[in-house]
There are 2 protein chains.
Amino acid sequence: MTTAKTRHHHGDLKRALIQAGIDLLEEGGLEALTLRKCAARAGVSHAAPAHHFAGMSGLISAIAEEGFDIFSKYMTDAIEAGEQTDRERLRSICRGYLQFGLSHSGLLKVMFGEHGLGIHAPRKDNREEAEAYLILRGVCAPFVPEGEDPHIVEAQVWSLIHGFTLLYIGGEFGCTSMPIEDSPFEAVMALIDRIGTQAKT
Amino acid sequence: MTTAKTRHHHGDLKRALIQAGIDLLEEGGLEALTLRKCAARAGVSHAAPAHHFAGMSGLISAIAEEGFDIFSKYMTDAIEAGEQTDRERLRSICRGYLQFGLSHSGLLKVMFGEHGLGIHAPRKDNREEAEAYLILRGVCAPFVPEGEDPHIVEAQVWSLIHGFTLLYIGGEFGCTSMPIEDSPFEAVMALIDRIGTQAKT
DNA sequence: AGATTAACTTTACGGTGTCAAATTTGATCG
DNA sequence: CGATCAAATTTGACACCGTAAAGTTAATCT
């Protein structure tokens, strides 16, 4: 009765396991994420997680869901900083996307990975779309030509920044550090700037 | 003496193991790729691969390298089909990229994954760049403003099609099948068409 | 208080990568 | 030709993994 949920032994094991998983992920990358290690970190036996998640894939899904929350925060923080034009917000959300990827690369890979339930899966709050995608949609909206399908602009922005982030994280552009004013990122931003302008030639 | 390498027992185990790995990958996805299963498919004991690869990560690297060869083939096939303008070639290489991803999603994930040595790693033929990247570079070249860094256009094209392919494979656009004339892909192509035009406003 | 049930532990099993020590095999040399 | 030698492969062992079944504890309910 100390919290909402009646806690028999541990207190809020489900949460603890998810957090342990995220920590493991950040410390040792994808390969360090293990059911047994999560359990050990939470101070329970290795079989305890089975009562809260549908196996390893269930835990991964829960971690991914948590990851999308953090992800959303990165993006909202980026677009809510100061007064920004629509175009600046488009740039900012990309910056937030990349920054999340750089700070939580393991988490990002899990989120879009095998059992990571991508951005469209129904969530705990049973909303249709994930919050992260609604944020993206909102920022893209001003660039959708009237009468056109919003998905077009969303697919353009999303593909571009998603691909860049993954390639950047993977070291494909040479640098893995944070200096975002690099040329490859600016190149992508330049292309972002062409979204929504003169639709037909 | 039947081949270049003196074969003691098996005959070309290294190759057989790589092929087994690729097969496993296509049949059962990432989770099905296992050292022991590769060995079993090649008809050798579970410890045999250790003498040809530096553990699991070494095998993955070798599979990835093979994957990049197949990848290159997809792209060259796409851009060499019929007479094409520079712009059509740019579209075609993207189509080849996506088609490879759709046909070999597991392989693609391995290639750009943890031990997958991305597209820039030095290869067996000790060329500086992977063939795949050289192909991309060649197709991008006509759209690089003179005096500008070619990497800019390459990063734009690559990020866009890489991101789209991964999202598409992941089912984030709803469909996982082959109909490429879908709206999301056409949206990305439309953005591709804006690359290299009017560099400054 | 007694029964019930949820939370967790214990134990066990098959599969995994990796390592060290045999063992086989093909080639080489005297 | 036969002994030798080194490479290729096997065998066996280990620690770790996910999962499942059965057992234990503790809180709740009547």
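Below, read A as the first sequence line, B as the second, and so on, with proteins coming before strands; counting in each chain starts at 1. Nothing here was measured: the structure is a model prediction, and the numbers come from that model.
- Contact of A:R36 with D:dG18 (side chain to base): a donor-acceptor pair of N or O atoms is detected under 3.5 Å.
- Rounded to a whole Å, the CE atom of A:M56 is 17 Å from the P atom of C:dT16.
- For A:L35, taking side-chain heavy atoms from C-beta onward, the closest of the listed nucleotides D:dG12, C:dT9, D:dT19 is D:dT19.
- When each of D:dT11, D:dC17, C:dT18 is scored by its nearest atom to the side-chain atoms of B:A47, the top-ranked nucleotide is D:dT11.
- Remark: B:K109 does not engage B:E114 in a salt bridge, criterion side-chain N to carboxylate O under 4.0 Å.
- Residue A:K37 places its side chain closer to D:dC17 than to any other of D:dT9, D:dC17, C:dT9.
- The environment of A:K37 atom NZ is dense: over 12 non-hydrogen atoms of other residues, nucleotides or ligands sit within 6.0 angstrom.
- Looking at heavy-atom distances under 4.0 Å, B:S45 makes contact with a base.
- Side chain A:H46 to base D:dT19: a donor-acceptor pair is found below 3.5 Å.
- Rounded to whole angstrom, the span from the NE2 atom of B:H51 across to the P atom of D:dA6 amounts to 16 Å.
- Remark: A:H52 is in phosphate contact with C:dC8, judged by side-chain N or O atoms under 4.0 Å from OP1 or OP2.
- Under 4.0 Å is where a charged nitrogen must lie from a carboxylate oxygen, and between A:R41 and A:E27 at least one such pair does.
- Residue-level contact check: A:K14 touches neither bases nor backbone, having no heavy atom under 4.0 Å from any strand.
- In this structure, CG of A:L13 is placed 8 Å from P of C:dT9, rounded to the nearest angstrom.
- Atom C1' of nucleotide C:dT18 and atom CZ of B:F53 are separated by 16 Å, given to the nearest angstrom.
- Each of A:A48 and B:A54 has a nearest nucleotide on DNA chain C; the 5'-most of these lies closest to A:A48.
- A salt bridge does not link A:E80 with A:K73: every distance from a Lys NZ or Arg NE/NH1/NH2 to an Asp or Glu carboxylate oxygen is 4.0 Å or more.
- B:Y97 and B:W158 are linked by a side-chain donor-acceptor pair at a separation below 3.5 angstrom, with hydrogens and angles left out of the test.
- The interatomic distance linking A:R15 (CZ) with C:dA7 (P) rounds to 17 Å, in whole Å.
- Between B:E31 atom CD and D:dT19 atom C1' the separation is 14 Å, expressed in whole Å.
- Atom C1' of nucleotide C:dA6 and atom CG of A:D12 are separated by 15 Å, given to the nearest angstrom.
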